Number of protein chains: 2
Amino acid sequence: MERKSRQKIEIRNILSQNNFHPTIEEIHIILKKRIPGVGIATVYRNVDKMVRNGEIIRLEVPGQGARFDGNTEKHYHFRCEKCASVEDVWLDLDMEGYINSAPPLKDALINDYVIEFTGVCQQCRHSI
Amino acid sequence: MERKSRQKIEIRNILSQNNFHPTIEEIHIILKKRIPGVGIATVYRNVDKMVRNGEIIRLEVPGQGARFDGNTEKHYHFRCEKCASVEDVWLDLDMEGYINSAPPLKDALINDYVIEFTGVCQQCRHSI
DNA sequence: TTACCTGCAAACCGTTTGCCTAGCA
DNA sequence: TGCTAGGCAAACGGTTTGCAGGTAA
């Protein structure tokens, strides 16, 4: 049985912010302001559990640690190569046709797919 | 000036195999059969350089280390959640329209995008 | 009361780095 | 010969784990 700890509730609150994709470390920093003394292992354990439960999404970021997204509706992401920020991208795509026709996808059991755009965000683009 | 070492040439040979996406460790194991005593740092250094030169592509894999793909033509990947293998996926997609119209993409400078499908491959699906 | 959860610190493990030697140009 | 690349091992940094005490149900 899963219990509701104060730590878990606050982590969920942090991740429920819209278009916010913090790293474990960023979550930890914010969490410490609300619960001083909280350990980073607690963040890892809770976030891992939430990912396994499907409550949040894990975004892989090369080089740095992973980022997390509390919005589980199907959408995509853009990552800035300069400032490492991540932004939501909402596209109305239909992948089903491809999944059912293109090898090796049609012979496999496809559970999910992700699309990640990379480049330079508007902010970094204008601030040379 | 960049020199051609035996190590570098063999790593490139390994990565030029079609639909092959080894990890650093796998490259190292294969490389050791050809050049006994080669160190894993050599694999890291050469592979990093090749990625920076755009000769190969780095694929991020959650949990395990990255995988690498010697084919730089635009294509996508499917990763099996059971056996962790990666297969090429060739789709004739047109993303330009989305990139030029959907925020925040249209305000950013998009350099690239990746699509990764996940699920259970044909092999794992049939071998319960 | 009793699992589960937390904080702490050590362990882990993939990756990077420093240093010295080897070998290509 | 000069300078890049390699081998080795230590360092690094993010993540995981063991343990003892805390806490939700």
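Letters A, B, ... mirror the listed sequences (proteins, then strands); counts begin at 1. From a predicted model like this one, the values you see are computed outputs, not experimental measurements.
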Trainee: State whether A/K74 and A/D112 are salt-bridged, where the test is any N-O pair (Lys NZ or Arg NE/NH1/NH2 against Asp/Glu carboxylate O) under 4.0 Å.
Mentor: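 Counted as a salt bridge, because a side-chain N and a carboxylate O are separated by less than 4.0 Å.
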Trainee: Nearest-Å distance, NZ (A/K8) to P (D/dA24)?
Mentor: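 Distance check: A/K8 NZ to D/dA24 P gives 12 Å.
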Trainee: Give one of base, sugar-phosphate or nothing for A/Q7, where a contact means two heavy atoms less than 4.0 Å apart.
Mentor: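 Sugar-phosphate only.
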Trainee: May I ask you to check whether over 12 heavy atoms, not counting those of B/E25, lie within 6.0 Å of atom CD?
Mentor: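 Not more than 12 within 6.0 Å, no.
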Trainee: How do A/K4 and B/S5 order along DNA chain C: which one's closest nucleotide is nearer the 5' end?
Mentor: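 Checking each residue's closest nucleotide, the 5'-ward one belongs to A/K4.
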Trainee: Could you tell me how the ring of B/F117 sits relative to the ring of A/Y113: parallel (under 30°), tilted (30 to 60°) or perpendicular (over 60°)?
Mentor: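 Plane angle between 30° and 60°, so tilted.
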Trainee: Among B/K49, B/R52, B/K8, whose salt bridge (charged side-chain N to carboxylate O under 4.0 Å, His left out) with B/E2 holds?
Mentor: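 Of all the options given, the one that passes is B/K8.
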Trainee: At less than 4.0 Å, is any side-chain N or O atom of B/Y44 found next to OP1 or OP2 of C/dT15? Yes or no.
Mentor: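 Yes, B/Y44 has a side-chain N/O under 4.0 Å of OP1/OP2 on C/dT15.
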Trainee: Could you please name the option among D/dT16, C/dG7, D/dG7 that lies closest to any side-chain atom of A/D48?
Mentor: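 My answer, after comparing the listed nucleotides, is D/dT16.
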Trainee: Does B/K49 put a side-chain nitrogen or oxygen below 4.0 Å from OP1 or OP2 of D/dA5?
Mentor: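 Yes, such a contact exists.
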Trainee: Once rounded to the nearest 0.5 Å, what's the spacing between atom CZ of A/R12 and atom NZ of A/K4?
Mentor: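 So the gap between those two atoms works out to 9.0 Å.
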Trainee: Figure out the CD1/P separation between A/I27 and C/dT6, and round it to whole Å.
Mentor: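 Result: 14 Å.
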Trainee: With a non-hydrogen cut-off below 4.0 angstrom, is B/E2 in contact with a base, only sugar-phosphate, or nothing?
Mentor: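 Contact class for B/E2: sugar-phosphate only.
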Trainee: Using heavy-atom distances to pick each residue's nearest nucleotide on DNA chain C, tell me which of B/A41 and A/I40 is more 5'.
Mentor: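 The residue mapped nearer the 5' terminus is A/I40.
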Trainee: What is the distance, rounded to the nearest whole Å, between atom CZ of B/R34 and atom C1' of D/dG6?
Mentor: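 After rounding, the gap between these two atoms is 18 Å.
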Trainee: Over how many whole Å does the gap from A/R6 atom CZ to D/dT23 atom C1' extend?
Mentor: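 To the nearest whole Å, that distance equals 13 Å.
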Trainee: Take the protein atom NE2 of A/H28 and the nucleotide atom C1' of D/dT16, then report the distance between them rounded to whole Å.
Mentor: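 About 15 Å, once rounded to whole Å.
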Trainee: Could you check how far CD of B/E60 sits from C1' of D/dG14, rounded to whole Å?
Mentor: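 Rounded to whole Å, this separation is 14 Å.
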Trainee: Calculate the interatomic distance between A/N46 atom CG and C/dG7 atom P; express it in whole Å.
Mentor: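 Checked: the CG to P distance equals 9 Å.
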Trainee: Rounded to the Å, how far apart are B/E10 CD and D/dG6 C1'?
Mentor: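 Rounding to the nearest Å, CD of B/E10 and C1' of D/dG6 are 15 Å apart.
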Trainee: With nearest nucleotides of DNA chain D determined for B/R45 and B/R3 from heavy-atom distances, which residue corresponds to the more 5′ nucleotide?
Mentor: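 Taking each residue's closest nucleotide, the earlier one in sequence belongs to B/R3.
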